[in-house]
Participant: 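Take this structure, written in structure tokens, and hold onto it; I'll ask about it next.
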Amino acid sequence: MAAVLKKRALAEYSQTQTLNKQDYAQQQPVKKLCLVKKPTTDSAGLVILSCLDTCKSSKEALHTLLRISDCVEFDPSDIPEAIRRLCKYFRIENESAVKVKILALIAELGNLEGADVILVIDDIINLIEKETSHKVIAQALKTLLTLSNHMKDNQIILGKLIEIAKNYLKDVSHSVKCRSLEMLGFLVPLCKEKDLEGMSNLVVSYFDNGDARVRAQAFSTMIHFHEKGLKLNPTIYKSVCDGLKDDYEIVRKVVLKLLWVLGTTFPENIVVLPDSEQEIRLIDDAFAKICNSVNDLSMHVRTHAAKLLGSMKLVSMRFLNQTLDKKLMSNMRRKRTAHELQWENVTSGEWASGKKWADDAPREVIDKDRINLMSSGSCGAFVHGLEDEYLEVRSASVESLCQLSLNNQQFANLSLDFLVDMFNDEIEDVRLKAIDSLRCISEHITLRDDQLETILGAIEDFSQEIREGLHRMLASCTMSTTAGLRMCVEKLLDNLKKYPQDRRSTYKCLQRIGAQHPELVLPLVPQFLSIHPFFDMAESDVDNPQYICILILVLNAAKFNTTIPPLFEPQTLRHYSYLRDTMPTLVPKLCLPNENNNAIVTPSSVPESLEFLKNVIDNLNIENNTVRMQTNLLEVSKEHLLRLSEMDSVVAGTAKFTSLYIGAQLLMSQILEKGFFSNLANLAAQESTNLKNNIEQLLLHCLKLQYLFVGMSPLEYCAVKQMRLRTLGLNLVYIVKGSNASALAPCHHFLSAVEDMQRELTNENLEPDAFTESLFRELAMVEEPKPGIVARILTPILIEAKLGKIPQPNTLIQMSSVQILEPSGQSDSTLKFTAGLIMAVPFEAELLRLSEPSRLRIKVKYPDQRTQVTLPRPAHIKPLNYDGNANDAKFGQDLRLLTTVLISHQVWSEACNVEISIALAVPEGDIGKRKSSELNPYLIDLCKPVKVSVSPKPIKRTTL
Amino acid sequence: MPDIKVTPLGAGQDVGRSCLLLTMGGKNIMLDCGMHMGYNDERRFPDFSYINPDGPITSYIDCVIISHFHLDHCGALPYMSEMVGYNGPIYMTHPTKAIAPILLEDMRKVSVERKGEQNFFTSQMIKDCMKKVIAVTLHQSVMVDNDLEIKAYYAGHVLGAGMFWVRVGNQSIVYTGDYNMTPDRHLGAAWIDKCRPDLLISESTYATTIRDSKRCRERDFLKKVHECVDRGGKVLIPVFALGRAQELCILLETYWERMNLKAPVYFALGLTDKANNYYKMFITWTNQKIRKTFVQRNMFDFKHIKPFDRQFIDNPGPMVVFATPGMLHAGLSLQIFKKWAPCENNMVIMPGFCVQGTVGNQILNGAKKIEFENRQIIEVKMSVEYMSFSAHADAKGIMQLIQYCEPTNVMLVHGEAEKMEFLKEKIKEEFNINCFNPANGETCVINTPVKIPLDVSLSLLKAEAKKFNMLPPNPERRRVLHGVLVMKDNTHCLMDVEDACKEVGINRHIIRFTSTVYLNDSGPPLSTAKKLHQLLEEKLSQWSVTISDVEVSVESVIVKVEGDENEQKSIFVSWTNQDEDLGSYILELLSSMAK
């Protein structure tokens, strides 16, 4: 069996060799392998190009060109020649399609390294001098434009190109005109011409061109001018506005953008309204115009308009408020909106009976001359946008509404009702967006009870995301009355009964609510905690989620209101200490006055722990003579650090890191001490496997050090890397000396790791440790790094060089960790499904401090030892804290994985446990393919697996 | 002057019995053929004798267009085609063709079998009539004959409702039927492109109303139903068979799904069930959400809504029931109402308007006790709610549509006269276009401008384009095309002068106008010429002025200076016929200088 495996492993290695071509060629110059690819690499392009001359028809030539652009790569040195040949062929070709392709190809080649762009530009200008085909000219201009990207500083060339563009503006064809305008847009701002004014006038004169495409391009050229920092002339405003009436949506869309640009650059300019002498600010007028476009014919224009509205922050309040006002009327009588009605009912103290048929009956008669049905400013833009047929428009409107409300309290209060209405949208994404928007603007808002009631109506939603979104929103809102707060809490508790999986989210929500409304909670305390003046009520079960909710609410309120704690009954205090211990994040620390029996332990951070950590490490780094003592010391400190990591959350990350590092050092010195790794011949079988396991263990340690921690400084990172390098070296020696497997791949891997290391050290300007330093020195002298030679060099260095210093503690270091919340592994019930079919198990996990979410894998292990590894869908990974500041990726993200794990199996006779866990996939290079027989060696477990009892049932055949 | 004549046979300043006669470019088109639900005598059908006092009308009508399946728009169709006699084509959209016969048959049953009417069309007549129908798709351009083209646009309102664009020659109109500019739970909003018709005929049911956002009403509705179900009550929703019923079903269905509610929702079987099948089929006619998700699940495959059985009336526990008819005047909905009314936990939601005299109207007005024909008295303790879900465009929507399609004239139909007046004024004021609202039988004549299409030879156009584009762009410059109008064999075309000469076989004669102006200017003729050149360049900045020796030329205008070095020069101005404007301008300029 072993022989077969070895053979297979060998076979695999010989395959890998072909991949590492250079390496292989250097060592064993087998001609057959090297020659295969040789001729295709250097002048293949030119060879195919020369085929052009022999092409008989244009069609053939086109095919050749297509082939070149599809697959051939050119050497930098060949490019001038290739371009020369293409130009030559261009002159003799008649078919314009071929010419277009040639020009496109030249553009591609010109972008590559090695091309003389100035020359190419001149060539092209010469080529198209006599050209009549519009397609060819358009493509030539496009090519020139792409090439000009390299010439941003060359004023002469730019000037020349601008002249060409201006010249070709006179062409009849729309495509040539468009390209010329595009060129002007990109080039004019770059050059320092005096007549910029004239240039922009020239472009403006194309606003009325006969072709819609040219018009659109002219407008977008203006936008380009603006983007490149050219100051636009506000006088074009009027002609831009006319563009809004264009028949073509491409034009209208660009015009909107340009209007927006003008509005935001010249907000305070004054515009005189036509048909009247009224003067308004330019931004207001532009805003009103864009608002009108929310009713455009085309969905794209509507979406665009709705999006733009959000970023026009300088608009006057009067115009802003109009966007939410659609003058309602019914049979010529003024009518109030439902929102107004509701408001009136609330303020008059009279609740909506809802029973009267005509309670929304219209009031006063409107003077019919005073109604303006069309185009009255920004009237009702958002009302229309939010009611639109297409979700794109609706969600853009919601976004804009939110953006505008963010810095405008009055508008935020107005938009509240509309956002709440959107909770009822038919598309979940829009609902979610509305909820999130409301959360964003919540600091401006105090919720009235009736508004709260409507919001709470949405909380029964079946979708967990919506519910949690609402929880977050409620957590950040301010409520106005005790009655509202009570309604909210009761609703939350009710809902918790319906959806027990919302437990954690509800806790968090109530924590914030409690902390924000201590005064409102106070009157409710007796009721919530069922405190009765005379009777002792039944004590609530402290494991009951509803009761925990109440406690969290009250305790958090108690922190900010000193009147609450004295109300607590003894059992509440007991429960408090219990919760304080079990959920320290949700329950604050209280100073309870009449508490004398038990002092509550404070497991929070203390500066001493960091001090201790430093001490431990300093002690380790003191020179110790005996290896024995050193080892002992290391072992002891490793234990200490592990214990410390459990005690103090602040230093936990670095303590774990250091202890893992020490562990790796211990393993390393253990292997080195015995010295067997370089001398395997006289090794007993038992020891041999031990050694092998040790090395594997060490490799795994290094991988963990590399991938499980975030927030490492370059210093620590390099320390880890050097440890890894050392391990790889050890591994290499072991392979060369101790096994008959090919060492080529590991050797190559080792060498590339050395190169990386060198680069990194110089980049970070760090000193290499003893091992790495001597390694660099020795390797530099080797001419041909064959595995044997490298191993020979390595052996003495490994033995002699001292272990690197242990890095100083860095509290920024955090360890990635995962907590699987669902399935909890505590339920006794067995999940049953039909064998062979698939069952989905809901899965929820919190991932803390993760640097690369793409490495996440879900591992499912069946009782028959089969393991399935799946990649979770990116859509199922969401940030854990929405309002947390954008974390630097370096320090890792806190994520939340909410997905379903699919389980399937054939029939079992009884229920068995399936283990589900989350692992991190690491690059496979370090461990090598040796372990392919074992299960998924490239995964580092992030947490303990949870067990789910599963029982696949045979298919029941119903007899007919 | 060509004109368009429109005569409403019904729906002129009135709702119901929509039927318009349109005469345009020699074609007669009938738009909709509805019946009036309020009458039971001959007034319920349009007066077809207006077209032909005795006998069939086939020879007078080129085609009939039906906008949607509501009976006030298609109810008289079998009567017209089978009993009056019409064999021409009838156009309607696919869903309308599918659903209209169901409604017609239902109406026939009610009229003949329940009310025992005589002389009504038969089932067979409905079938025969439907055989004459040609179904059209949205945006499909259908040529009825060589001159007559029609095209359907989406109108919202009900499934399959269309707005029709009709063109004869250069004249075109748009007939909207009923339409809705705000989307609802199952249909999208009406849409039309900028087709710039000569006349837009629009409905105007809500001419004087601007409606609030729909969302509030929906939310209110759902909240009320949810609360009632939560307290264990039963909800009765009387509906008309088609249209709003589907919208409410979708609304409740999605809400039930979202909120994970368990209480049963029932839908009374019958007519609606059959129609639901068509709703399932015509997915392309529904709104974005339904269209996008039907691959996973067709929204009309209700998961929570089950068919109703009469025995369920007495079932305990909460439930929601949709039942016809909508005004609680008869049938199942009334039966259920009688059972449930005395319990205060229950609720009835009226989703639409109720006619005077019906039970629906009474309870909406707050009646607490209702007496029925058989002296039975029912106490109404259940809560009564009114929810209006209407699918017509409001005043703002109508204006919106006018803005979209930019007509040159507007006609309002299908609305009440005084409400129309208001909207008419507004349209005139805000769009500055003509607006009409003829009464039934009143013919309205709309003048349209004469347009004559002309073929222009390509080379002529290209040459002009090249010339125009060479000049620096100036939006104010007119584009001038020199050519000869050739009228031959009833076709008109504009040709290049040379080509035209060649075709006719005559030599081209050029007429030049010449004139001499005497000018006092000392110095050699050359300097005078230069001065003139400068002057002309200044005055005619748009043109290219060239000078060679003593000759200055602009286009075909030649200005030549003659004479010695003495004071007086004779300036010779000559121009061809084409450049008459330019030439006379220069001559005038020179002669004014001479004075």
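Quick note on labels: first sequence line is chain A, next is B, and so on, each numbered from 1.
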Participant: Between T293(B), N260(B), D220(B), who has the most heavy-atom pairs with chain A when the cutoff is under 4.5 Å?
Facilitator: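 Option with the top pair count is N260(B).
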Participant: Quick one: which of M350(B), K289(B), R479(B) has the most heavy-atom pairs under 4.5 Å with chain A, could you say?
Facilitator: K289(B)
Participant: Using non-hydrogen atoms and a 4.5 Å limit, figure out which bit of K292(B) sits close to chain A: side chain, backbone, both or neither.
Facilitator: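 It is the side chain, since no backbone atom gets that close.
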Participant: Regarding R215(B) and D425(A), does a basic nitrogen lie under 4.0 Å from an acidic carboxylate oxygen?
Facilitator: yes
Participant: So what's closer than 4.5 Å to chain A heavy atoms on E406(B): side chain, backbone, both or neither?
Facilitator: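 E406(B) has no heavy atom closer than 4.5 Å to chain A.
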Participant: With a 4.5 angstrom heavy-atom cut-off, is it the side chain or the backbone of L391(A) that approaches chain B, or both, or neither?
Facilitator: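 Backbone plus side chain of L391(A), per the 4.5 Å heavy-atom cut-off to chain B.
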Participant: Is it the side chain or the backbone of Y499(A) that comes within 4.5 Å of chain B heavy atoms, both, or neither?
Facilitator: side chain
Participant: Do K303(B) and E253(B) sit within salt-bridge range, that is, some charged N less than 4.0 Å from a carboxylate O?
Facilitator: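 The answer is no: the pair does not qualify as a salt bridge.
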Participant: With a 4.5 angstrom heavy-atom cut-off, could you sort out which part of L261(B) is near chain A: side chain, backbone, both or neither?
Facilitator: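 Answer is side chain: those atoms of L261(B) sit under 4.5 Å from chain A.
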Participant: Is it true that R258(B) and E460(A) have a side-chain N and a carboxylate O under 4.0 angstrom from each other?
Facilitator: no
Participant: Hey, is the main chain of D296(A) close enough, under 3.5 Å, to the side chain of S293(A) for a donor-acceptor pair?
Facilitator: no
Participant: Taking all heavy atoms of S239(A) and all of F207(A), pick out the closest pair and write down the distance.
Facilitator: OG-CD2, 4.0 Å
Participant: Kindly state whether the ring of Y153(B) and the ring of H139(B) have centres lying under 6.0 angstrom apart.
Facilitator: yes
Participant: Please tell me whether Y255(B) and H226(B) have a donor and an acceptor in their side chains that are separated by less than 3.5 angstrom.
Facilitator: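 H226(B) and Y255(B) do have a side-chain donor-acceptor pair below 3.5 Å.
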Participant: At a heavy-atom separation under 4.5 Å, does R185(B) approach chain A through its side chain, its backbone, both, or neither?
Facilitator: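 Both backbone and side chain.
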Participant: Please classify the contact between Y390(A) and chain B as side chain, backbone, both or neither, with a heavy-atom cut-off of under 4.5 Å.
Facilitator: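 Contact with chain B involves both backbone and side-chain atoms of Y390(A).
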Participant: Measuring heavy-atom distances to chain A, does L222(B) have an atom under 4.5 Å in its side chain, in its backbone, in both, or in neither?
Facilitator: side chain
Participant: Under a 4.0 Å N-O cut-off, is there an ion pair linking E416(B) with K419(B)?
Facilitator: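 Counted as a salt bridge, because a side-chain N and a carboxylate O are separated by less than 4.0 Å.
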Participant: If you count heavy-atom pairs under 4.5 Å with chain B, which of N424(A), L386(A), L202(A), D208(A) comes out on top?
Facilitator: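 It is N424(A).
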Participant: Among D171(A), V172(A), L169(A), I466(A), which residue forms the greatest number of heavy-atom pairs with chain B at distances under 4.5 Å?
Facilitator: V172(A)
